[in-house]
Amino acid sequence: MADDRDDENAAPGPAARGHGHGLARGGASVVPRTAVIAGGGALAVWEPAFTLGAYDVIFYYQMLTLWAVSTAVLLAGFLMRERGPRHGWAYWACLALPSAWLVLAAVVPRSGNWQGEALFLIGGIISVIGTPLLTWVLLQLLLFGESELSVNQRRTVIGVVALVGVLAFLLGQFNDVFLTCGDFDISGNSVPSGCRPGHASPLG
């Protein structure tokens with residue numbers, strides 16, 4: 001009997017551990033974690049990438065949504081520093097970027113000069129890149145705690161999100177292939193230039 005109990009409490013052998021390839025600590029699969037973070041980042045990046053492709057602009061509410069969430073995380077991290085993520089100054093600086101962009105947008109004149117064009121470019125970069133990164137951070141903290149992804153898993157997530165962002169941009173650029181002007185009308189959006197005339201399709 002004692003030998004049976006000892007066998008049950010013994011650590012798994014190399015063969016048993018070999019079957020755990022792709023398993024996280026505690027036996028939980030890492031594939032769902034990687035997939036959830038990649039899916040969340042893709043869900044966040046597709047809309048600003050699509051609107052950038054269709055309208056050549058990032059909608060203001062997308063930028064303000066990024067600002068609201070990043071500012072909330074930033075303030076919560078400062079107020080509860082002992083429970084916050086163990087990251088350096090770069091982490092906090094990234095969260096402060098949308099607020100910095102709003103300050104620049106308030107002081108830089110919008111007269112078609114190079115400063116205004118640079119501000120637009122910076123805002124687009126922050127929105128398209130910062131939104132999935134922020135989603136990554138939130139999902140990592142809320143669902144998986146402080147556990148870090150491996151280098152290979154990070155590359156997978158970044159590659160998947162980047163690919164979805166590029167595809168969404170191209171879908172916006174070539175929206176006339178599968179959408180009509182009526183689709184944009186019925187959704188309450190402005191009609192982009194170059195859209196295909198027609199009534200709303202079943203996608204609308």
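Since the model is a prediction, treat every value here as computed from it, not as a measurement. Numbering of residues begins at 1 and proceeds along the displayed sequence.
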Do you know the tightest heavy-atom contact between [X] and [Y]?
X	Y	result
Ala38	Val160	CB-CG1, 4.1 Å
Asn175	Pro192	OD1-CG, 4.2 Å
Val164	Ala42	CG1-CB, 3.8 Å
Gln62	Thr51	OE1-OG1, 3.4 Å
Ala49	Ala168	CB-CB, 3.9 Å
Ile58	Pro48	CD1-O, 3.3 Å

- Please answer: with hydrophobic residues joined when any side-chain heavy atoms are less than 4.5 Å apart, are Leu167 and Val161 in the same cluster? no
- Hydrophobic cluster identity match, Ile37 and Val151, side-chain contacts under 4.5 Å: no
Side chain of [X], backbone of [Y]: donor and acceptor closer than 3.5 Å?
X	Y	value
Tyr55	Phe50	no
Gln153	Thr34	no
Thr180	Pro197	no

Gap separating the [atom1] atom of [X] from the [atom2] atom of [Y], nearest 0.5 angstrom:
X	Y	atom1	atom2	result
Asp183	Cys195	CG	SG	9.0 Å
Glu47	Thr65	CD	OG1	8.5 Å
Leu163	Ile158	CG	CD1	13.5 Å
Phe174	Phe169	CZ	CZ	8.5 Å
Ser190	Asp185	OG	CG	9.0 Å
Ser70	Leu75	OG	CG	9.5 Å

- Message: I'd like to know if the side chain of Ser187 pairs up with that of Asn189 as donor and acceptor (distance under 3.5 Å, no hydrogens or angles considered).
- Response: yes
- Message: Could you check whether atom CZ of Arg155 has more than 12 heavy atoms from other residues, nucleotides or ligands sitting under 6.0 Å from it?
- Response: no
- Task: Step through the shown structure and confirm whether more than 12 heavy atoms of other residues, nucleotides or ligands are within 6.0 Å of OH on Tyr61.
- Result: yes
- Task: List, by chain and number, the other hydrophobic cluster members for Val103, where Ile, Leu, Val, Met, Phe, Trp and Tyr join if side-chain heavy atoms come within less than 4.5 Å, directly or indirectly.
- Result: none
- Message: Under the rule for salt bridge (charged side-chain N to carboxylate O under 4.0 Å, His left out), what residues qualify as partners of Arg154, not counting sequence neighbours?
- Response: Glu148
- Would Leu171 and Leu179 count as a side-chain contact (heavy atoms from CB on, under 4.5 Å) if you check the C-alpha gap in whole Å, the side-chain angles of each, and the deciding distance to 0.1 Å? CA-CA 10 Å; Leu171 288 175; Leu179 294 175; over 6 Å; no
- Would you say Leu102 and Leu64 make side-chain contact, with heavy atoms under 4.5 Å? yes
